[in-house]
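Below: one structure, written as structure tokens.
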Amino acid sequence: MPCECCNITNEQFGKDTAEADLKAYRRTGPAKHTRLILEAIRSLGLTDASLLDVGGGIGAIYHELMQDTVTRATHVDASSAYLAAAKRETEKRGNGGKVEFIHADFTDVADSLAPANVVTLDRVVCCYPDFRSLLAAAAGRSSRALVMAYPRDNRFSRAVVALMDWFLKMSRDPFRVFVHPVGEMDALLNKEGLYRVSLRRSFIWEVALYQRA
Ligand SMILES: C[S@@+](CC[C@H](N)C(=O)[O-])C[C@H]1O[C@@H](n2cnc3c(N)ncnc32)[C@H](O)[C@@H]1O
């Protein structure tokens with residue numbers, strides 16, 4: 001964990017959060033934004049695919065896709081607590097050995113990873129200040145598609161995030177949430193050869209599927 005921002009992220013997503021998320025997943029399945037990501041990936045009709053899940057949390061995306069789409073996955077996460085919970089669930093499902101777990105800031109290790117058919121970032125870009133480095137690194141590892149969920153870029157989410165960041169600042173928590181400009185993220189991915197083929201929305205989140213031209 002060399003970078004300061006990654007240490008902050010590791011602190012933010014600790015054991016209690018990871019255990020609560022795993023419990024919720026076991027009780028009710030994937031959250032709405034994750035379900036939209038799963039639908040986007042399944043729309044590609046892939047089988048025997050490889051997945052690179054950046055900031056995958058408890059690993060809901062590959063737990064689900066290993067039923068029909070994905071046969072191997074790499075999960076890179078800044079949170080050691082999330083990785084531990086994801087690993088436990090992977091083993092419980094009999095998929096141990098099919099997933100590689102890496103505790104790191106993805107931008108530090110991306111170059112050392114093999115490309116995957118699909119790269120996912122489910123609510124990750126909004127935790128990271130430098131979306132350009134994060135998305136360029138993610139695009140560079142994707143051979144076919146990239147799917148991401150991020151907060152909708154509108155006045156409402158900007159106001160909510162500004163309030164959240166104000167509370168974090170007041171409680172001297174160095175973690176921050178970001179609403180990054182969707183147009184700039186889109187232009188960056190286009191430059192990397194990825195083009196948006198679908199866009200789905202929930203009240204707060206937007207899920208964009210990109211495919212290589
Ligand atoms: C809000 S959580 C989302 C977890 C999960 N994807 C979900 O939607 O439930 C953000 C996740 O991104 C990870 N993360 C943020 N920046 C990262 C980075 N630069 N490299 C690796 N993981 C990162 C955090 O550790 C955390 O697991």
Side-chain angles (χ1 to χ4, degrees), residues 1-38 40-41 51-65 73-87 89-90 99-113 116 118-141 146-151 157 160-161 164-165 168 173-180 185 200 202 204-208:
M1 289 281 98
C3 101
E4 198 205 336
C5 149
C6 212
N7 282 329
I8 293 168
T9 307
N10 192 42
E11 285 286 306
Q12 181 68 25
F13 300 105
K15 194 161 185 276
D16 290 351
T17 309
E19 292 307 317
D21 281 10
L22 184 57
K23 202 169 158 194
Y25 171 63
R26 283 179 177 166
R27 202 175 49 236
T28 54
K32 170 88 188 207
H33 48 90
T34 307
R35 289 205 307 274
L36 293 177
I37 287 189
L38 295 169
I41 295 171
L51 174 80
L52 170 59
D53 194 7
V54 180
I58 52 111
I61 293 176
Y62 53 85
H63 299 323
E64 297 295 316
L65 291 180
T74 302
H75 177 175
V76 182
D77 211 299
S79 159
S80 50
Y82 266 147
L83 284 169
K87 196 169 181 195
E89 184 66 11
T90 301
V99 184
E100 185 183 3
F101 299 92
I102 301 173
H103 184 212
D105 178 335
F106 174 67
T107 60
D108 290 338
V109 297
D111 286 348
S112 66
L113 303 175
V118 182
V119 176
T120 44
L121 302 108
D122 189 1
R123 303 189 305 156
V124 178
V125 75
C126 45
C127 295
Y128 201 71
D130 181 4
F131 73 88
R132 289 182 184 83
S133 306
L134 184 67
L135 289 185
R141 297 296 94 196
L146 180 150
V147 195
M148 59 175 178
Y150 50 82
S157 51
V160 170
V161 165
M164 284 167 74
D165 283 347
L168 288 163
D173 185 330
F175 184 75
R176 293 289 179 273
V177 184
F178 305 90
V179 181
H180 293 306
M185 294 197 290
R200 303 272 305 275
S202 67
I204 303 209
W205 304 101
E206 197 159 274
V207 170

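First listed ligand is number 1; within each ligand, the first listed atom is number 1.
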Is it the case that the side chains of His180 and Tyr150 hold a donor-acceptor pair, with the cut-off being a distance below 3.5 Å and no angle test?
no
Shortest reach to atom 25 (O) of ligand 1 by a heavy atom, considering only Thr34, Thr17, Asp77, Ile61
Asp77
Could you go through residues 16-27 and list every donor-acceptor pair under 3.5 Å that involves a side-chain atom there, pairing it with any protein atom two or more places apart or in another chain?
unit_1, atom_1, unit_2, atom_2, d
Glu19, OE1, Arg88, NH2, 3.0
Glu19, OE2, Arg88, NH1, 3.1
Asp21, OD2, Tyr82, OH, 2.5
Tyr25, OH, Glu64, OE2, 2.5
Tyr25, OH, Arg93, NH2, 3.1
Arg26, NE, Glu89, OE1, 2.7
Arg26, NH2, Glu89, OE1, 2.8

Proximity winner for atom 17 (C) of ligand 1, if only heavy atoms of Ala138, Gly56, Ala78 are counted
Ala78
Using non-hydrogen atoms of the residue, decide whether Ala104 is closer than 4.0 angstrom to ligand 1.
yes
Take the angle between the ring planes of Phe13 and Phe175 and call it parallel below 30°, perpendicular above 60°, tilted in between.
perpendicular
Which part of Thr9 is near ligand 1, with near meaning a heavy atom under 4.0 Å away: side chain, backbone, both or neither?
side chain
By side-chain hydrogen bond (donor to acceptor under 3.5 Å, both in side chains), which residues pair with Asp122, not counting sequence neighbours?
His33, Thr34
Please check whether Val124 reaches ligand 1 - meaning an N/O of the residue sits under 3.5 Å from an N/O of the ligand, judged on distance alone.
no
Between Val124 and Met148, is there a side-chain heavy-atom distance shorter than 4.5 Å?
no
Does ligand 1 have a heavy atom under 4.0 Å from the side chain of Tyr82, from its backbone, from both, or from neither?
side chain
Return yes when His33 approaches ligand 1 closer than 4.0 angstrom through a heavy atom, no otherwise.
yes
Distance-only N or O hit between ligand 1 and Asp21, under 3.5 Å:
no
The option among Glu11, His75, Arg123, Gln12 carrying the non-hydrogen atom nearest to atom 10 (C) of ligand 1 is Arg123
Can you find an N or O of Val54 that's nearer than 3.5 Å to an N or O of ligand 1?
no
